[in-house]
Peer 1: 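The structure that follows is given in the form of structure tokens.
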Amino acid sequence: MGIWHKKKMKRLLVEEDGMTLVEILASILILSLIITTFMSFFIQAAKTNNQTDTVNEATFIAQEQIELLTYYSTTKSVNETMTLIKDASTKAGFTIVSKISKESENLYKGTVEISESKGGKIYAQMETRLSFKTAEKNKN
């Protein structure tokens, strides 16, 4: 029985069916590198998505303000419109600055700038051409 036992022990020691500690540590290291790489992609995608949402919201607010200027150009005079838009306003955490400047006799340029309330980073800027001739005729 002693010889048989020695042969069996020798055979068990020669066969490598399991994994060593070094192999396990190496596989954990490779797996953690892969997971870290993918996590950085997800984090960057979330940041980009957040920035896109902010720009979309600012663009929507700028479009609303341009439409308001267009409405004023058909219903109010230039002076009334300038009085209505002279102060910067705030909406959804953005500062809205609207300006009207004269381009020619009957043509004005309306500009809307949407920036963040704290630092002033501009997220959206739009402009349009306005003719206040219709409003001036309606007043007379």
Side-chain angles (χ1 to χ4, degrees):
M1 186 156 202
I3 297 175
W4 180 79
H5 186 64
K6 282 184 183 179
K7 285 183 182 178
K8 186 172 183 175
M9 288 299 288
K10 218 178 209 182
R11 191 177 61 202
L12 285 175
L13 291 175
V14 172
E15 292 178 10
E16 294 183 19
D17 288 342
M19 294 180 71
T20 65
L21 181 62
V22 174
E23 292 171 330
I24 292 173
L25 289 176
S27 63
I28 289 173
L29 176 71
I30 291 170
L31 187 61
S32 65
L33 287 173
I34 292 170
I35 289 173
T36 305
T37 304
F38 280 114
M39 288 301 291
S40 67
F41 287 139
F42 288 124
I43 291 169
Q44 186 61 36
K47 286 180 184 177
T48 302
N49 196 18
N50 221 3
Q51 290 172 347
T52 303
D53 287 345
T54 303
V55 170
N56 283 343
E57 180 70 21
T59 304
F60 178 72
I61 293 170
Q63 183 63 38
E64 282 182 333
Q65 197 67 20
I66 286 289
E67 290 171 6
L68 185 64
L69 286 177
T70 305
Y71 170 74
Y72 287 162
S73 74
T74 59
T75 59
K76 305 209 178 301
S77 69
V78 177
N79 293 333
E80 288 174 322
T81 302
M82 290 211 184
T83 304
L84 289 169
I85 66 164
K86 71 178 178 179
D87 297 326
S89 59
T90 352
K91 183 174 184 180
F94 294 105
T95 301
I96 304 166
V97 178
S98 300
K99 298 176 189 169
I100 296 177
S101 58
K102 192 168 189 168
E103 294 261 307
S104 65
E105 187 178 326
N106 293 322
L107 192 63
Y108 293 82
K109 178 171 79 170
T111 307
V112 175
E113 196 173 271
I114 310 296
S115 59
E116 62 184 14
S117 294
K118 312 171 213 135
K121 179 181 176 184
I122 297 172
Y123 285 104
Q125 188 173 13
M126 291 186 178
E127 67 178 48
T128 186
R129 301 298 186 261
L130 304 165
S131 172
F132 283 90
K133 194 163 91 174
T134 308
E136 299 294 335
K137 281 182 184 178
N138 289 341
K139 292 285 181 188
N140 295 334

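Just so it is clear, the structure is predicted and the values come from calculations on it, not from any experiment. Because only heavy atoms are used, hydrogens play no part in the values below, and waters and symmetry mates are left out as well, while side chains stay in.
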Peer 1: With a 4.5 Å heavy-atom cut-off, do Lys47 and Ile43 have their side chains touching?
Peer 2: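 The answer is yes, as the side chains (C-beta and beyond) meet within the 4.5 Å cut-off.
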
Peer 1: Donor-acceptor pair, distance only, cut-off 3.5 Å: does the side chain of Ser117 make one with the backbone of Gly93?
Peer 2: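 Pair found, side chain donor or acceptor close to backbone of Gly93.
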
Peer 1: If you compare all heavy atoms of Thr95 against all heavy atoms of Ala88, which two are closest, and at what distance to 0.1 Å?
Peer 2: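 Heavy-atom minimum between the residues: CG2-CB, 4.0 Å.
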
Peer 1: To check you understand the geometry: which heavy-atom pair defines the closest contact between Ser73 and Phe132, and what is its length?
Peer 2: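 That closest heavy-atom pairing would be CA-CE2, 3.3 Å.
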
Peer 1: To the nearest 0.5 Å, how far apart are CD in Glu57 and CD1 in Ile114?
Peer 2: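 Here the interatomic distance stands at 10.0 Å.
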
Peer 1: Mind checking whether Ile34 and Phe41 sit in one hydrophobic cluster, side chains of I, L, V, M, F, W, Y counted as touching below 4.5 Å?
Peer 2: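 Shared cluster, yes.
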
Peer 1: What distance separates Thr90 OG1 from Ile61 CD1, expressed to the nearest 0.5 Å?
Peer 2: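 Answer for the OG1-CD1 pair, Thr90 versus Ile61, is 10.0 Å.
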
Peer 1: Indicate, with yes or no, if Leu84 and Met82 share a hydrophobic cluster defined by side-chain heavy-atom contacts under 4.5 Å among Ile, Leu, Val, Met, Phe, Trp and Tyr.
Peer 2: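 Yes, Met82 connects to Leu84 through the hydrophobic network.
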
Peer 1: Under a 3.5 Å threshold, yes or no: a donor from one side chain and an acceptor from the other, between Tyr72 and Glu80?
Peer 2: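 Distance-only check fails for Tyr72 and Glu80.
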
Peer 1: In the single-linkage hydrophobic clustering (I, L, V, M, F, W, Y; side-chain heavy atoms under 4.5 Å), do Leu68 and Phe60 co-cluster?
Peer 2: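 Unlinked, Leu68 and Phe60 end up in two clusters.
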
Peer 1: Would you mind listing every salt bridge (charged side-chain N to carboxylate O under 4.0 Å, His left out) that reaches into residues 87-100, with sequence neighbours excluded?
Peer 2: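 Qualifying pairs, neighbours excluded: Glu64-Lys91.
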
Peer 1: I want to check something: taking the side chain as every heavy atom from C-beta on, are Lys109 and Thr111 in contact at a cut-off of under 4.5 Å?
Peer 2: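 Yes. Closest side-chain heavy atoms under 4.5 Å.
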
Peer 1: Indicate if Val78 and Val97 have the same hydrophobic cluster label, given that clusters are the connected sets of ILVMFWY residues with side-chain heavy-atom separations under 4.5 angstrom.
Peer 2: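 Cluster IDs for Val78 and Val97 differ.
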
Peer 1: Taking transitive links into account, so neighbours of neighbours count too, which hydrophobic residues share a cluster with Leu25 at under 4.5 Å side-chain distance?
Peer 2: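 Reading the cluster by chain and number, Leu25 sits alongside Leu21.
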
Peer 1: Tell me whether Tyr71 is reachable from Ile96 by hopping between hydrophobic residues (I, L, V, M, F, W, Y) whose side-chain heavy atoms are closer than 4.5 Å.
Peer 2: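 Yes; tracing contacts between hydrophobic side chains, which count when under 4.5 Å, links both residues.
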
